[in-house]
> 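Before I ask anything, let me first share the structure, which is written out below as structure tokens.
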Amino acid sequence: MDAPRTITVAAAQMAGNQLTDSRTQILDRMLNLMDQAAEAGVRLLAFPELALTTFFPTQYMTDPEQIAQYFEPASPSDPYAVLSTPHAKPLVEKANQLGMDFYLGFAERWTTGEDGEIRTTDYNTTIYYSVAAGEAIAKYRKVHLPGTKEPLEDPKAFQQLEKRYFTPGDLGFQAFRAPGLVEGALKAEDVQPDPDPKDTVGKGDPILGMLICNDRRWPEAWRPYGLQGAELVIEGYNTTAWAPQYPGTPEEQQSLAEFHHRLSCQAGSYQNGLWGLHVAKCGDENGQGLIGGSMIVDPLGRVVAEAQTADRDELVVATIDLALCRRPRDRVFNFEKHRRLEHYGLAGRQVGLEEIPLLGRAV
Ligand code: CDT
């Protein structure tokens, strides 16, 4: 029996951030959620996708200045510059004061060529701030961008213009260890070089992975984390509850959207033997409905905590034992024993659906 490796984690579900909300109003709600989380003993808190602003990809904009106001700076010399801006610095100060790591989704404007030809690339990004490290230690840029580049012609349609505002992420699915969260974590200095995995697996600092919203629907996004031994995947989202251009009543659409959300998250955890921490922006945002459903999923795919509201700020808390990841990993999802790489080539080679040839009449 492995020793327990427990951490109290929380999803900081947020009500919609309206176009008319000031940055200060939004930030104050986030700081308030951190205070509530501290009272519940939370050591790791996740905010949703694009937490600092409204989910602006629903808005068709052409004015570069108007677009720029939603983005935070970053560059090779300061990849986590967002944390020095007035938009996010108070979160860092609060995190340090409370001893609480956080996952933060925001729009990143990455500027290169600082001394020469300036080039900017915009990403839908999340970062992980570690109190023990005293700095952000990981960044993930959303790989799967839904929606369209140009607005749909139907004037009644709800827009999803992520392809307009963002470039697909270029950092892949890189797991990382977060220090200071688990007592007595094994360190590199404690073992010989090239140690036997039997002596180290599941004993070091927690291994984390990050996804953003639409990524959770793609098995390809989860597996790299499973293969790197991730014990917890954190994911923030803004998921449309319904849209006039889709079939079904708003209630039918919302019910299906919630089902697909749960199905994707529970399958991702189950098939990779890891915890999932999923955090929504929910309720009405600029007249558009977003599903709630923030939840914490265990490595057997079971929901252990779930939001009780779908239209307001709410904390979803659970104390999770990372050692539970060993159970599926020693049995049905023991990758080493059961995966068959020789048959998976197509999934890594082919992007779109290509139907196999038609049958002849003789068959
Ligand atoms: N933000 C984001 O990625 N939203 C998409 C909307 C798709 S509508 C089903 C999502 O996958 O939730």
Side-chain angles (χ1 to χ4, degrees), residues 11-19 46-61 70-71 103-108 122-126 140-152 154 156-169 171 173 210-222 233-268 276-295 297 307 310:
Q13 174 168 287
M14 294 175 70
N17 293 337
Q18 309 306 329
L19 280 165
F47 291 112
E49 174 188 34
L50 300 185
L52 301 173
T53 62
T54 202
F55 186 72
F56 63 88
T58 53
Q59 310 297 313
Y60 176 56
M61 298 178 282
Y70 293 107
F71 282 84
Y103 161 114
L104 175 69
F106 63 100
E108 175 191 17
D122 294 342
Y123 297 103
N124 187 341
T125 295
T126 191
Y140 170 75
R141 292 171 172 154
K142 186 175 183 177
V143 165
H144 301 96
L145 299 176
T148 56
K149 198 165 180 138
E150 294 306 324
L152 302 174
D154 176 356
K156 289 208 228 65
F158 282 149
Q159 305 293 344
Q160 223 294 6
L161 293 164
E162 283 193 62
K163 283 189 163 56
R164 178 175 196 82
Y165 298 118
F166 302 118
T167 296
L171 301 176
F173 305 102
M210 300 192 282
L211 295 176
I212 302 178
C213 195
N214 192 262
D215 290 322
R216 73 195 187 285
R217 304 183 193 276
W218 299 90
E220 297 89 334
W222 290 87
V233 163
I234 313 172
E235 177 257 334
Y237 60 99
N238 289 266
T239 293
T240 313
W242 66 277
Q245 67 266 33
Y246 296 137
T249 65
E251 294 73 25
E252 285 164 352
Q253 288 189 37
Q254 177 149 359
S255 159
L256 191 60
E258 288 167 0
F259 168 67
H260 287 153
H261 159 65
R262 290 173 68 105
L263 183 67
S264 303
C265 297
Q266 292 183 252
L277 173 56
H278 303 278
V279 53
K281 237 196 274 137
C282 67
D284 174 85
E285 199 180 65
N286 309 313
Q288 182 161 5
L290 296 171
I291 66 165
S294 300
M295 63 182 177
V297 182

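When a ligand or atom number is given, it counts from 1 through the structure's own listing order. The figures that follow rest on heavy atoms only: side chains count, while hydrogens, waters and symmetry mates do not.
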> Checking T167 side chain against Y123 main chain: does a donor-acceptor pair fall under 3.5 Å?
no
> Decide yes or no on ring pair (Phe, Tyr, Trp, His ring centres under 6.0 Å) for F158 and W242, but give the supporting numbers first.
CA-CA 9 Å; F158 282 149; W242 66 277; 5.6 Å; yes
> Does one side chain, of N286 or T58, offer a donor that lies under 3.5 Å from an acceptor on the other?
no
> Could you tell me, for ligand 1, which of its N or O atoms are under 3.5 Å from any protein N or O, listing the pairs and their distances rounded to 0.1 Å?
| from | atom 1 | to | atom 2 | distance (Å) |
| --- | --- | --- | --- | --- |
| ligand 1 | 1 (N) | E49 | OE1 | 3.0 |
| ligand 1 | 1 (N) | E49 | OE2 | 3.4 |
| ligand 1 | 1 (N) | K142 | NZ | 3.4 |
| ligand 1 | 1 (N) | E162 | OE2 | 3.2 |
| ligand 1 | 1 (N) | N238 | O | 3.1 |
| ligand 1 | 3 (O) | K142 | NZ | 2.7 |
| ligand 1 | 3 (O) | E162 | OE2 | 3.4 |
| ligand 1 | 3 (O) | N214 | N | 3.4 |
| ligand 1 | 4 (N) | N238 | O | 3.1 |
| ligand 1 | 11 (O) | N214 | ND2 | 2.7 |
| ligand 1 | 11 (O) | R217 | NE | 2.7 |
| ligand 1 | 11 (O) | R217 | NH2 | 3.3 |
| ligand 1 | 12 (O) | R217 | NH2 | 2.8 |
| ligand 1 | 12 (O) | T239 | OG1 | 2.6 |

> Examine distances only and state if a side-chain atom of D215 and a backbone atom of K142 form a donor-acceptor pair shorter than 3.5 Å.
no
> Please confirm whether the ring centroid of Y165 lies under 6.0 Å from the ring centroid of F55.
no
> Sequence neighbours left out, what passes ring pair (Phe, Tyr, Trp, His ring centres under 6.0 Å) with Y237? Give chain and number order.
H261
